[in-house]
Amino acid sequence: MMKFGGTSVGDAVRIEKVAEIVQAAALHSDVVVVVSAMSGVTNRLLEAAAESQAGNGEAADGILQELRARHEQVAGALIRRSVERDLVIGQMRELFREGETLCQQAIADHRLTPQMRDSIASLGERLSAPLVALALTERGLTSEAIVATEVIATDANHGAADPYMDATRERCGARLRPLLQRGIVPVVTGFLGATSEGLLTTLGRGGSDYSATILGAALDADEVIIWTDVHGVLTADPRLVPEACTIPEISYREAADLAHFGAKVLHPKTLRPVMQSQIPVWIRNSFAPEHAGTAITPTGVASCAGEVKAVTAIGEARMIIVGGAGAAEVRDALGRAGSAVSAVRADAWLATRSGLRDEICIAVSPAFAERVASALRGEFASELTQGQLDGVALGASVGIVTLVGQGPHKLLEIRERSLAALDRAEVEIVAVGETSAECNLSFVVKPTDVNEALVVLHQEFRLGQLDSQALPVKVL
Ligand code: ADP
Ligand code: ASP
Ligand code: MG
């Protein structure tokens with residue numbers, strides 16, 4: 001199973017490179033390809049959706065025209081034979097017509113349903129898959145583009161759908177296996193699926209990684225390779241910490257924590273589908289396929305227990321504070337807060353009790369803050385009426401910087417050492433939290449301090465040193 005991200009299919013030259021990688025792999029094993037939209041396309045499609053929702057038909061139209069020109073130019077550069085080229089350009093025009101119709105409908109109705117938004121957002125993958133399939137055909141492989149509505153069965157949670165694995169397994173067996181048996185390389189659209197009624201859904205931004213592991217698990221793949229634009233999972237986001245190094249091997253748990261705490265290299269749910277079957281996931285660079293990349297394995301490297309592996313950040317979160325003199329006595333307050341958050345389909349990055357100030361602090365995405373605050377008011381209604389709690393307040397915008405490692409052995413030492421380093425750098429700590437007692441430690445800081453904190457912690461744990469790649473530096 002091989003997934004190629006947006007920059008890996010960003011133009012005709014990049015798609016040629018993808019075809020080269022797939023062709024080499026297809027020499028010795030069956031390959032299923034999953035593709036993202038070309039880089040930047042999903043953002044533009046969502047802008048078109050927002051413009052039409054706001055009644056700006058011309059702006060939405062302009063975006064669709066621009067995207068059509070870009071895709072047709074790529075088709076022209078990739079496909080030599082005019083019959084195939086005209087055919088794919090015809091198919092693409094059909095997809096753009098679908099986009100235009102949806103935008104016009106949104107303007108006429110003054111509303112854009114989540115399902116319409118998903119249909120528009122997913123056009124990018126539905127456009128890129130046929131282009132990649134044709135690039136493979138140009139190289140002499142047999143290939144077929146598949147829209148994932150045919151193979152990934154999901155719930156109806158538009159914009160953040162989750163798969164029904166049994167149904168997905170069945171569909172993959174019926175649709176993809178026969179292709180593989182005939183030596184055909186399926187090129188499946190990432191990011192999307194369909195409900196049992198056949199309505200198109202999307203899996204959330206960056207969700208093509210998730211598509212790849214869903215399909216990998218459904219087909220019992222030997223491995224899932226996620227091809228992207230960096231050498232693998234790095235010790236930090238290289239855009240923010242240029243000294244970051246590639247980590248040769250990390251565990252599912254560590255990679256999942258990194259993704260959960262903001263490392264864009266993986267969609268946060270990517271590892272869920274493979275946890276049970278223990279299929280290894282590789283992150284590799286399609287711009288430099290000679291590099292081995294990072295292996296994400298069930299347990300990672302045993303010798304690294306207790307060490308810091310990487311540091312990651314969420315640039316903007318919102319604190320919600322449940323406070324009051326009796327907060328410490330509220331039974332199972334964190335557990336109840338957690339359930340209230342999940343009940344509104346939000347995700348708390350952090351939930352801590354502050355003994356000092358009698359508070360429960362919960363950090364969530366700013367988009368969910370209001371919804372979570374009112375859910376918490378509902379959950380703690382009786383404590384609020386009885387005066388045990390004073391109120392639920394929306395706090396300031398914050399950033400969250402998280403150290404990820406393996407095993408809780410040295411958490412205390414790591415915590416002390418981090419606090420001292422951050423203090424020396426005059427980074428003010430708003431709160432400290434350990435979520436999955438397993439392997440991570442988060443520091444809540446001001447949004448303006450996030451970059452500094454990342455660099456300081458990366459340096460403190462010497463994550464940028466080559467030695468630390470093979471065997472992370474021992475914490476004193
Ligand atoms: P794709 O389009 O291939 O899915 P993304 O842009 O979604 O690629 O993810 C890759 C990017 O993730 C990298 O270019 C890098 O800037 C960012 N990133 C953030 N944290 C990390 C990390 N710890 N390791 C590697 N890349 C990271
Ligand atoms: N194209 C989608 C997005 O930009 C999915 C992905 O790239 O993984 O969110
Ligand atoms: Mg991505």
Side-chain angles (χ1 to χ4, degrees), residues 2-10 14 17-18 34-47 49 67 117-118 120-129 148 152 159-161 188-193 201-214 225-248 250 254-270 281-288 291 293-294 296 308-315 401-404 440 450-451 454 457-458 463-464 469:
M2 288 190 164
K3 176 257 172 176
F4 293 88
T7 42
S8 300
V9 295
R14 298 303 317 150
K17 189 75 197 167
V18 167
V34 174
V35 288
S36 289
M38 296 200 294
S39 52
V41 169
T42 313
N43 283 347
R44 293 296 276 156
L45 288 166
L46 285 167
E47 278 165 37
L67 292 177
R117 184 181 286 106
D118 273 357
I120 296 173
S122 66
L123 283 171
E125 275 72 10
R126 293 189 276 151
L127 289 159
S128 64
I152 297 186
V188 186
T189 56
F191 187 45
L192 65 104
T201 54
T202 63
L203 311 178
R205 294 307 308 272
S208 300
D209 301 329
Y210 195 23
S211 308
T213 50
I214 292 169
I225 306 179
I226 293 179
W227 292 94
T228 182
D229 60 357
V230 283
H231 286 351
V233 177
L234 273 68
T235 50
D237 185 343
R239 288 172 301 187
L240 304 176
V241 185
E243 311 75 53
C245 293
T246 311
I247 304 170
I250 62 171
E254 291 166 320
D257 277 357
L258 271 174
H260 177 75
F261 285 104
K264 195 189 168 212
V265 65
L266 281 178
H267 182 275
K269 295 176 187 167
T270 308
V281 177
W282 289 86
I283 310 295
R284 298 185 61 184
N285 193 344
S286 73
F287 291 71
H291 283 267
T294 298
I296 308 177
V308 175
K309 270 284 181 56
V311 56
T312 180
I314 289 163
V401 179
T402 303
L403 289 171
V404 172
N440 63 55
V450 166
N451 288 5
L454 266 178
L457 292 175
H458 195 265
L463 300 176
Q469 287 186 53

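Counting starts at 1 for both ligands and their atoms, following the listed order.
Residues Thr201 and Asp118 bring no donor and acceptor atom of their side chains to less than 3.5 Å of each other. With no hydrogens or angles considered, no side-chain donor-acceptor pair links Arg205 and Thr42 at under 3.5 Å.
Under the 4.0 angstrom criterion for non-hydrogen atoms, Lys3 is in contact with ligand 1.
The closest protein non-hydrogen atom to atom 11 (C) of ligand 1 is Asp229 OD1, 4.0 Å.
At a heavy-atom cutoff of 4.0 Å, ligand 1 is contacted by no atom of His267, backbone or side chain. Contacts between Val230 and ligand 1, counted as non-hydrogen atom pairs separated by less than 4.0 Å, involve the side chain only. Contacts of Lys264 with ligand 1, taken as heavy-atom pairs under 4.0 Å, involve both backbone and side chain.
Polar contact check, Thr235 against ligand 1: no nitrogen or oxygen pair lies under 3.5 Å apart. Between Leu258 and ligand 1, not a single N/O pair is under 3.5 Å apart. Not one N or O of Ser8 is nearer than 3.5 Å to an N or O of ligand 1, by distance alone.
Of all heavy-atom pairs between Pro238 and Val230, the closest is CG-CG1, 3.9 Å.
Listed by chain and residue number, Arg126 satisfy the side-chain hydrogen bond (donor to acceptor under 3.5 Å, both in side chains) test with Ser122 (two or more places apart in sequence, or in another chain). In this view, Asn285 and His231 satisfy the side-chain hydrogen bond (donor to acceptor under 3.5 Å, both in side chains) rule, not counting sequence neighbours. By the ring-ring contact (aromatic ring centres under 6.0 Å, His included) test, His458 is found to be paired with no residue, residues two or more places apart in sequence or in another chain being considered.
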Between ligand 2 and the protein, tabulate every N or O atom pair separated by less than 3.5 Å, reporting distance only.
| residue | atom | partner | partner atom | Å |
| --- | --- | --- | --- | --- |
| ligand 2 | 1 (N) | Thr42 | OG1 | 2.7 |
| ligand 2 | 1 (N) | Glu125 | OE2 | 2.6 |
| ligand 2 | 4 (O) | Thr42 | OG1 | 3.4 |
| ligand 2 | 4 (O) | Arg205 | NH2 | 2.9 |
| ligand 2 | 7 (O) | Ser36 | OG | 3.2 |
| ligand 2 | 8 (O) | Gly206 | O | 3.4 |
| ligand 2 | 8 (O) | Gly207 | N | 3.4 |
| ligand 2 | 8 (O) | Ser208 | N | 3.0 |
| ligand 2 | 8 (O) | Ser208 | OG | 3.1 |
| ligand 2 | 9 (O) | Arg205 | NE | 2.7 |
| ligand 2 | 9 (O) | Arg205 | NH2 | 3.4 |
| ligand 2 | 9 (O) | Gly206 | N | 2.7 |

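Contact of the Thr246 side chain with the His291 side chain is not registered, since no non-hydrogen atoms from C-beta on lie closer than 4.5 Å. Put simply, the side chain of Ile247 reaches to within 4.5 Å of the side chain of Thr235, judged on heavy atoms.
When Thr246, Thr228, Ile226, Ile283 are checked for heavy-atom proximity to atom 10 (C) of ligand 1, Thr228 turns out nearest.
When atom types are taken as modelled, the side chain of Ser128 and the backbone of Ser36 share a donor-acceptor pair closer than 3.5 angstrom.
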